[in-house]
Amino acid sequence: MTIHSAPAKIILFGEHAVVYGEPAIAVPFDTLTATADSQPLPPGSGLLISARDIGGEFHYNEDNVPAENALLVAARLALQALRVPQPDARIELRSTIPLASGFGSGAAIATALIRAVTTAVGKYMDIDMLNGLVYEVEKLHHGTPSGIDNTVIVHHAPVYFVRGQSPQPFAVGSPLTFVIANTGIAASTKETVGAVRALVESDPHTYRPLIAHIGTLVREARQVIERGSAAELGSLMNRNHTWLRDLTVSSRLLDDLCAAALDAGAFGAKLSGGGRGGNLIALVDPAAAAHVEAALRGGGAERTWVMTVR
Ligand code: PMV
């Protein structure tokens, strides 16, 4: 039995602006994962997808795939791309990634599932095909995703991402320690992306330059990450957060938690992902991580984690 797994992801810089063609930087977050394994069933059993901690158990029927069932849609995309009929197999999916929280749960689940379907039919799928299929599944969740979630999760490496281009791997000059805090508030990325679009369309003179400024900041952040300067990177995070607030995708809680992290000694803090809920990240000295975590939990964060990017 092969267990396929896919990590959660965290966006370090550039969310929202990435939808408009600016770069963004994202990393895998391995503490949270989606896994899928496939076991053969007797001939004629068909394909059974069991995802009890995500949404239920589903029998695949090629002629009846509800458009809103991301698991069955992912399975059909994989089987069609590989040009094979459904296997007689049971795929067991599990995920520890909170849903609708900016961790890329949908992309991680689809990645693990498509890999398990590929194994079940005894085929090989290259990474570009997998990335393209997971992107198709992402459209169900997000409407018009930039593609950053599926790319960082499928590649399972830090990426500098520009929409429509191959991801660029980059070096991390010295390890960076982040505290990740989940607000416990599920927020719809589709809605926040729509809200930013409405702003940009209603007042392009104000918001187009702001999006471009975020892009410039992300290019600078890449260089700072490559140089390995945490203090400089922290101030870029603070600036990116301010600009996301100007785009109306922060919230009182996210702003308060960023302030709490800075008070507790973080180099910088910003929301991460779609915003208005979901996650924030704080860059810290490893020795200060526990203190910053405590401050974030005291400030109302539901859960916190420490992640080191190398
Ligand atoms: O999936 P989330 O909530 O981490 O947000 C994805 C990042 C956005 O830039 C807001 C949307 C996108 O498609 O890139």
Side-chain angles (χ1 to χ4, degrees), residues 7-18 22-32 102-104 148 152 155-162 167-183 213-246 250 254-273 275 278-299 301 303-310:
K9 71 93 199 6
I10 290 288
I11 296 179
L12 300 185
F13 288 97
E15 50 276 271
H16 287 289
V18 69
E22 299 297 341
I25 296 172
V27 295
F29 178 40
D30 290 294
T31 304
L32 301 174
F103 282 119
I148 190 167
V152 65
H155 284 261
H156 203 160
V159 296
Y160 178 86
F161 175 84
V162 178
Q168 299 173 39
F170 60 90
V172 180
S174 58
L176 298 166
T177 302
F178 292 92
V179 173
I180 300 164
N182 185 245
T183 57
H213 288 325
I214 295 177
T216 304
L217 181 144
V218 177
R219 286 179 204 97
E220 198 180 332
R222 177 185 180 163
Q223 290 173 4
V224 174
I225 291 172
E226 288 177 339
R227 277 207 303 279
S229 165
E232 259 182 282
L233 200 63
S235 71
L236 291 178
M237 289 171 66
N238 295 337
R239 204 169 345 132
N240 197 166
H241 181 79
T242 303
W243 288 342
L244 286 164
R245 196 170 57 204
D246 294 346
S250 189
L254 284 165
D255 291 345
D256 288 351
L257 288 175
C258 284
L262 295 176
D263 281 350
F267 295 118
K270 64 179 278 294
L271 73 85
S272 169
N279 298 316
L280 73 104
I281 52 173
L283 180 63
V284 298
D285 184 306
H291 186 53
V292 172
E293 278 192 284
L296 287 167
R297 274 192 249 113
R303 285 174 78 186
T304 59
W305 299 262
V306 178
M307 167 182 80
T308 303
V309 178
R310 296 171 199 283

Exercise for the section: Of all the heavy-atom pairs spanning Asp30 and Pro7, show the shortest one and how long it is. Expected result: OD1-CB, 3.6 Å

Completion exercise
Shortest non-hydrogen pair, Pro175 vs Thr308, comes out as CB-CG2, 3.9 Å

Practice task
Hey, could you give me the CD1/CG distance between Ile25 and Leu233, rounded to the nearest 0.5 Å?
Solution key: 8.0 Å

Problem - Min side-chain heavy-atom separation Arg219-Glu22 under 4.5 Å - result: yes

Problem - Side-chain touch Thr177/Asp285, heavy atoms, less than 4.5 angstrom - result: no

Exercise for the section: Locate the shortest heavy-atom distance separating Ala289 from Val306; write the atom from each residue and the value. Expected result: CB-CG2, 4.1 Å

Problem - Distance in Å, Lys9 NZ paired with Ile148 CD1, rounded so as to fall on 0.5 Å steps - result: 7.5 Å

Practice task
Measure the shortest side-chain to side-chain distance between Pro169 and Pro158 over non-hydrogen atoms and say whether it is less than 4.5 angstrom.
Solution key: no

Practice task
Check whether any side-chain heavy atom of Glu293 sits under 4.5 Å from a side-chain heavy atom of Leu296, and report yes or no.
Solution key: no

Fill in the blank from the handout: The reported gap from CG in Asn279 to CH2 in Trp305 (rounded to nearest 0.5 angstrom) is 6.5 Å

Handout entry: Non-hydrogen side-chain atoms of Leu236 and Lys270 separated by less than 4.5 Å
Key = no

Fill in the blank from the handout: salt bridge (charged side-chain N to carboxylate O under 4.0 Å, His left out) filter on Glu220, not counting sequence neighbours, yields none

Exercise for the section: Decide yes or no for Ile225 and Phe170: does some side-chain heavy atom of the first lie under 4.5 Å from some side-chain heavy atom of the second? Expected result: yes

Problem - His156: partners by ring pair (Phe, Tyr, Trp, His ring centres under 6.0 Å), with sequence neighbours left out - result: none

Practice task
Work out which heavy atom in Phe267 is nearest to a heavy atom in Val284; give both atom names and the distance.
Solution key: CE1-C, 3.6 Å

Fill in the blank from the handout: For Thr304 and Ala181, the nearest pair of non-hydrogen atoms, with its separation, is CG2-CB, 4.0 Å

Handout entry: pair Val27-Phe178: side-chain heavy atoms closer than 4.5 Å
Key = no

Practice task
Verify the distance criterion only: is there a donor paired with an acceptor across the side chains of Asp255 and Ser250 at less than 3.5 Å?
Solution key: yes

Exercise for the section: Evaluate the side-chain proximity of Thr31 to Met307: yes if any heavy-atom separation is below 4.5 Å, no if none is. Expected result: no

Completion exercise
When rounded to the nearest 0.5 Å, the distance separating CG of Leu244 from CD1 of Ile214 is 5.0 Å

Handout entry: Nearest heavy atoms of Leu283 and Gly234, plus distance in Å
Key = CD2-N, 3.8 Å

Practice task
First locate atom CG of Leu12, then atom CD1 of Ile10, and finally report the distance between them rounded to the nearest 0.5 Å.
Solution key: 8.0 Å

Practice task
Can you spot which of His241, Arg239, Arg245 makes a side chain to side chain contact (heavy atoms under 4.5 Å, CB included) with Trp243?
Solution key: Arg239

Exercise for the section: Given side-chain contact (heavy atoms from CB on, under 4.5 Å), test Phe161 with Ile11 step by step and report yes or no. Expected result: CA-CA 10 Å; Phe161 175 84; Ile11 296 179; over 6 Å; no

Handout entry: Leu280 backbone acceptor or donor facing Ser272 side chain under 3.5 Å
Key = no

Fill in the blank from the handout: OG of Ser174 to CZ of Arg310, rounded to nearest 0.5 Å, is 10.5 Å

